[in-house]
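Below is one structure, written out as structure tokens; the observations come after it.
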There are 4 protein chains.
Amino acid sequence: MKPEYKKNSDKHRRIIEAAVKVFAKNGFFNSKVSEIARAANVADGTIYLYFQNKDDILICLFEEEMAKVLENMRHALSGITDPPKKLEHFALAHLSLMEQHHELAEIIQVEIRQSSKFMKEYTNEQFHQYLNIISEIIKEGQAQGVFRQDILPGVAKRAFFGALDEMSRYWVLSSVKKYSITMAAKQISDFFLKGMLQHNSES
Amino acid sequence: MKPEYKKNSDKHRRIIEAAVKVFAKNGFFNSKVSEIARAANVADGTIYLYFQNKDDILICLFEEEMAKVLENMRHALSGITDPPKKLEHFALAHLSLMEQHHELAEIIQVEIRQSSKFMKEYTNEQFHQYLNIISEIIKEGQAQGVFRQDILPGVAKRAFFGALDEMSRYWVLSSVKKYSITMAAKQISDFFLKGMLQHNSES
Amino acid sequence: MKPEYKKNSDKHRRIIEAAVKVFAKNGFFNSKVSEIARAANVADGTIYLYFQNKDDILICLFEEEMAKVLENMRHALSGITDPPKKLEHFALAHLSLMEQHHELAEIIQVEIRQSSKFMKEYTNEQFHQYLNIISEIIKEGQAQGVFRQDILPGVAKRAFFGALDEMSRYWVLSSVKKYSITMAAKQISDFFLKGMLQHNSES
Amino acid sequence: MKPEYKKNSDKHRRIIEAAVKVFAKNGFFNSKVSEIARAANVADGTIYLYFQNKDDILICLFEEEMAKVLENMRHALSGITDPPKKLEHFALAHLSLMEQHHELAEIIQVEIRQSSKFMKEYTNEQFHQYLNIISEIIKEGQAQGVFRQDILPGVAKRAFFGALDEMSRYWVLSSVKKYSITMAAKQISDFFLKGMLQHNSES
DNA sequence: CATGAATGAGCTTTCATTCAT
DNA sequence: AATGAATGAAAGCTCATTCAT
């Protein structure tokens, strides 16, 4: 069994951070392990003291970064009790995060969903939990009677996440921001809360 | 200049179809040209009579298949005039298509957005037009006064497509279908039309 | 009535002529058979009706062109009886020919001597005869008593040819002609006739 | 930027030496990198730690070996002051070297002048210097009044080198030595010094 | 723990040659 | 005779991974 070394080691951290940059720039398959090593200021062989192989770098990267994203989101929503407000805040927090950490965003957008290795064989627990924050909000709202009972939380969570995700992909890939983060977040949460039909907007 | 041969050649078709299967199974980077050749029942070298290189196979594949998807969608919506109905039909048609052509769906989901080659450098005209079908519906609805005027069609088209896309990714990757296509399509278009709030039409 | 022009000799010649151009431009190994075919305005497959393979094109090219060179040289020397004058004329004729047919010159310079295929296994009869024109002149001169008896014609023919050959290589490769053909020919034949020492012609 | 490693590394040397053998045997284009690797007792990939590509092997080989040849020749002529004697010694030293290092000779004969890569695009500094040893001798002789003033050193250097080169090609390619090195060297330098005319040999 | 030179399997692509038309 | 689409072997080069130091 591999010694596994200390995850909190300086080198481990540096390699992950280097990998985020390198994968975001070139994509997973076009990135060379030696390039990550150089960016992390370690020897090629050192990578293999901390990670099993190249795939493992991506998996660890994803899990560790997603854990942060998850924690970040939970913290961002912690003070809010109203489910619709929560949803609105989720949208804002998600898009803000994707904007701030655009390299990570690009990897999540592009690399993670890329290979059957990572989305089929590899069960994506962190991502699952992230999506479930949304469905929990919806269930909560249904319990409180503010959301319609016929909504399937399992469908809604994906639809809502997908809407945000596609919007941030647009930002990640186009680099020109036609719409502000706050406006986009407001629009998207509005779609899901009030819909787009005219009479819905009457107050 | 490469002779380009006849695009309607039997071989061109066979190679594209083989590539759809092979790319869907292994992903672009894990697919070998020789594997596509074998699947297409042609020699390795024959591939290069019809395509410039491996990348070119993916680009052609995407353009040709997207053209079909686009045409298919336009045809599916041709009889419908009511914008909300159109949106509902778009959802259904999109999810149905993704289900029927799950290999193509997987490639669109996973490969196309994967590489800088295909989403950054390569301007994705067909995909753009596909998204614009949605924004056109919304603009039409706004003109008719059925959709709220404050909706940004450029945001809404992405949000709506993203919602559908994430849903179909779930199907593509999980293979277990918890929800029916029709139900999911209905739910998603409902979110966007009526929102999720309980008493939307009430003030 | 059929045109009845010699089809095969026409094509054969066109292919040889095309090959001269193509080999001179790219070198033998960097030349593609299809490029020769295109230059000769025939189909790829047609080449193989007239030549066994790519090597055979070079061999035939060399033999046919060398036959012409040989004939040309014999004709150029036909009117001259004085061996020293013959040598001088050989130099001039050789360099003139190389200048006029620089593509052929380049092939002789560069390709022919290039592969063991062509200079080891392949006995180069035409080239041999060409060299022997020189040794015959020398023997003739020795018989007439104008050339020193201690000269080995077998060494002298190579030395003389090599001197001319290196000079024409310089022209073939540099394209800037610092010295005129006639001056170079005069100098080189002078070296071999009178030597370079100061008072050679004094007795 | 490639690390370039230490040129004095054992491997660099071994690869060059292996390449000399392999290129001499098969010619550059018919030699496989893997064959060189095998001959050098290194892995295929190791070649690319020391050389950029196959072409680079030939270029480095030529530069390093020519540097040695150059040094060798300068050393051989160092003790001699009389220009005619120098020329005679040049001939002897050149032919001796070509005989001793016949594999290198074969490459210089055959490969170097073969490709536009090496004689057109690639300026051949070492070779130039080698030729200029000859022209320097001639200029020296002219300054001392022992060589005729009308001799163009730029023509003479090529003529003299060409004469020697053609002679050594004969040896390299034929493997049967009809004439001894010393006799050939003496003959060739005699041609250039005293010429071939009868009265020239009178002293 | 760290290194980085060495490895070699494996890939894309080319192109001389063939053969059905 | 002529064609040129198809073939498939072959080779240069890359790069994840290892292991002696």
Side-chain angles (χ1 to χ4, degrees), chain A residues 3 5-6 9-12 29-38 40-57, chain B residues 3 5-6 9-12 29-38 40-57, chain C residues 2 6-8 10-12 29-38 40-57, chain D residues 3 5-6 9-12 29-38 40-57:
Chain A
Y5 292 85
K6 325 172 239 319
S9 153
D10 176 40
K11 297 253 166 79
H12 182 90
F29 281 101
N30 289 317
S31 297
K32 300 172 213 166
V33 172
S34 63
E35 196 182 348
I36 298 172
R38 198 179 340 110
N41 229 2
V42 298
D44 290 20
T46 306
I47 301 264
Y48 292 86
L49 297 174
Y50 293 91
F51 301 91
Q52 286 170 28
N53 50 38
K54 192 184 167 187
D55 287 1
D56 191 41
I57 302 174
Chain B
Y5 293 84
K6 316 167 252 314
S9 152
D10 177 37
K11 299 256 162 73
H12 183 91
F29 281 102
N30 288 317
S31 296
K32 291 175 260 172
V33 172
S34 61
E35 195 179 350
I36 299 171
R38 197 175 343 107
N41 222 9
V42 297
D44 290 21
T46 306
I47 302 265
Y48 292 87
L49 295 176
Y50 293 90
F51 301 91
Q52 285 171 28
N53 50 39
K54 193 184 165 187
D55 285 0
D56 192 41
I57 303 175
Chain C
K2 283 186 181 178
K6 295 159 286 190
K7 269 186 188 169
N8 32 11
D10 175 42
K11 295 251 166 80
H12 182 93
F29 281 102
N30 289 316
S31 297
K32 299 173 215 167
V33 172
S34 63
E35 196 181 348
I36 298 171
R38 198 177 341 111
N41 227 2
V42 298
D44 290 20
T46 305
I47 301 264
Y48 292 86
L49 297 175
Y50 295 91
F51 301 92
Q52 286 170 30
N53 50 38
K54 192 184 166 186
D55 286 1
D56 192 41
I57 302 174
Chain D
Y5 292 86
K6 315 167 252 315
S9 153
D10 177 38
K11 299 256 164 74
H12 182 92
F29 281 102
N30 289 316
S31 296
K32 291 174 259 172
V33 172
S34 62
E35 195 179 350
I36 299 172
R38 198 178 338 110
N41 223 10
V42 298
D44 290 21
T46 305
I47 302 264
Y48 293 88
L49 295 176
Y50 293 90
F51 301 91
Q52 285 170 28
N53 49 41
K54 192 183 166 188
D55 286 0
D56 192 41
I57 302 174

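In what follows, every chain begins at residue 1, and chains take the letters A, B, ... in the order their sequences are listed. These values consider heavy atoms only, across backbone and side chains, with no hydrogens, waters or symmetry-generated copies.
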Take atom [atom1] of [X] and atom [atom2] of [N], then tell me their distance rounded to the nearest Å.
X	N	atom1	atom2	result
A/H12	E/dC1	NE2	C1'	16 Å
D/I47	E/dA5	CD1	P	16 Å
A/D10	E/dA2	CG	P	9 Å
A/E35	E/dG4	CD	P	17 Å
A/R38	F/dC15	CZ	P	12 Å
D/F51	F/dG12	CZ	P	15 Å
A/L49	E/dG4	CG	C1'	12 Å

Say you draw a straight line from [atom1] of [X] to [atom2] of [Y]; how long is it, rounded to the nearest 0.5 Å?
X	Y	atom1	atom2	result
B/N41	B/T46	CG	OG1	10.5 Å
B/D56	B/Y50	CG	OH	14.0 Å
D/H12	D/D10	NE2	CG	11.5 Å
C/Q52	C/I57	CD	CD1	11.0 Å
A/D44	A/E35	CG	CD	11.0 Å

**Report entry** Pairing nucleotide - E/dA2, Watson-Crick or G-U, each distance under 3.5 Å
**Finding:**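 Matched E/dA2 with F/dT21 under the 3.5 Å cut-off.
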Query raised in the report: Which nucleotide, in any strand shown, forms a Watson-Crick or G-U wobble pair with F/dG8, with both distances under 3.5 Å?
Result: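 Looking at the geometry, F/dG8 pairs with E/dC15.
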Query raised in the report: With the sugar-phosphate defined as primed atoms, P, OP1 and OP2, and the base as all remaining atoms, what B/S/- string results for nucleotides 15-21 of chain E, 5' to 3', for protein heavy atoms under 4.0 Å?
Result: SSBB---
Query raised in the report: Within the pair B/K11 and F/dA6, is there a side-chain N or O less than 4.0 Å away from OP1 or OP2?
Result: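 Answer yes for this pair, as a side-chain N or O of B/K11 is under 4.0 Å from OP1 or OP2.
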Query raised in the report: Is the distance from OP1 or OP2 of F/dA6 to the nearest side-chain N or O of B/Y50 less than 4.0 Å?
Result: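 Yes, such a contact exists.
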Query raised in the report: For C/K54, does the NZ atom sit with more than 12 other heavy atoms under 6.0 Å from it, leaving out its own atoms?
Result: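 More than 12 heavy atoms, drawn from other residues, nucleotides or ligands, come within 6.0 Å of this atom.
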